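These notes are about the structure you will find just below.
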Amino acid sequence: MVHAESQRPAEPTIAAGVALGLAAACWAVSLWLMRGMDMGLATRPGSSGLFAATWTTMMAAMMLPGAAPALVRHVRRNGGLHGALPFTGSYLAVWVLAGVVAYALDRPHGSTAAGCTASAPASG
C-alpha cells in the first residue's frame with residue numbers, strides 16, 4: 001500500500017507539468033485566434049470578447065512557463081496540489097486585469113501623435 005506521504009514529492013512535478021501543458025495548449029489556441037490578424041501599429045483590438053479571449057490565452061501561454069517555478073515552490077510549501085489552482089488562477093487574473101485596463105485605455109492615435117512620436121529626438 002502506498003502512503004500519501006510517499007506521493008507528495010511528485011506533486012510539484014505534476015503541478016509544473018500541468019502548467020506547462022496548459023501553456024502549450026494556450027500557444028496553439030493563441031495562434032488559431034490570431035490567424036489573419038493585421039499586426040500593424042494601427043491595429044485595433046477588436047470586440048471586447050475577441051480581445052478578452054485572445055489576451056487571456058496569450059497571457060497564459062507566455063506567463064505560465066515563467067510562473068512554473070513559483071507554482072512548484074507554492075505546492076511544496078503548502079503541502080499539496082490543492083492550492084495550485086487558486087495560485088494559478090489568481091496569477092492569471094492579474095494579467096487579465098492588465099488586459100482590461102489596456103483595452104479600456106486604448107484610443108486610436110491621430111496624425112499629431114504619430115508625428116510627435118516619429119519626430120521625437122532619439123535618446124542615448
Side-chain angles (χ1 to χ4, degrees):
M1 179 170 189
V2 179
H3 297 315
E5 292 299 320
S6 65
Q7 293 176 347
R8 192 160 274 173
E11 289 180 346
T13 304
I14 292 168
V18 169
L20 294 175
L22 179 60
C26 286
W27 271 111
V29 172
S30 292
L31 291 173
W32 178 77
L33 286 170
M34 291 190 288
R35 96 185 149 209
M37 276 189 181
D38 177 22
M39 298 296 175
L41 292 175
T43 301
R44 303 295 303 140
S47 70
S48 59
L50 176 62
F51 178 81
T54 304
W55 178 270
T56 301
T57 55
M58 183 179 63
M59 288 297 104
M62 292 189 304
M63 299 303 173
L64 282 177
L71 177 60
V72 166
R73 280 192 306 273
H74 180 76
V75 168
R76 281 186 184 140
R77 286 186 185 155
N78 294 316
L81 288 172
H82 63 274
L85 185 59
F87 178 88
T88 305
S90 60
Y91 178 79
L92 291 176
V94 171
W95 285 107
V96 169
L97 182 59
V100 168
V101 171
Y103 187 84
L105 295 177
D106 179 64
R107 301 281 183 264
H109 302 291
S111 57
T112 303
C116 290
T117 302
S119 63
S123 62

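These numbers come from a predicted model, not from an experiment. Atom set for the values below is all heavy atoms of this structure, side chains included, hydrogens, waters and symmetry mates excluded.
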**Request:** Is it possible for you to say whether Leu81 and Leu85 belong to one hydrophobic cluster, with membership spreading through side-chain heavy-atom contacts below 4.5 Å?
**Result:** no
Could you tabulate the donor-acceptor pairs under 3.5 Å formed by side-chain atoms of residues 56-71, not counting sequence neighbours?
residue: Thr56; atom: OG1; partner: Ala52; partner atom: O; Å: 2.7
residue: Thr57; atom: OG1; partner: Ser30; partner atom: OG; Å: 3.3
residue: Thr57; atom: OG1; partner: Ala53; partner atom: O; Å: 2.9
residue: Thr57; atom: OG1; partner: Thr54; partner atom: O; Å: 3.2

**Item:** Same apolar cluster (I L V M F W Y, side chains within < 4.5 Å links), Leu20/Val18
**Value:** no
**Item:** Closest non-hydrogen atom pair between Val72 and Ala16, with its separation
**Value:** CG2-CB, 3.7 Å
Just list the side-chain donor-acceptor pairs under 3.5 Å for residues 86-96, sequence neighbours left out, or say none.
residue: Thr88; atom: OG1; partner: Ala84; partner atom: O; Å: 2.9
residue: Ser90; atom: OG; partner: Pro86; partner atom: O; Å: 2.9
residue: Ser90; atom: OG; partner: Phe87; partner atom: O; Å: 3.0

**Partner set under ring pair (Phe, Tyr, Trp, His ring centres under 6.0 Å) for Trp27, not counting sequence neighbours** = none
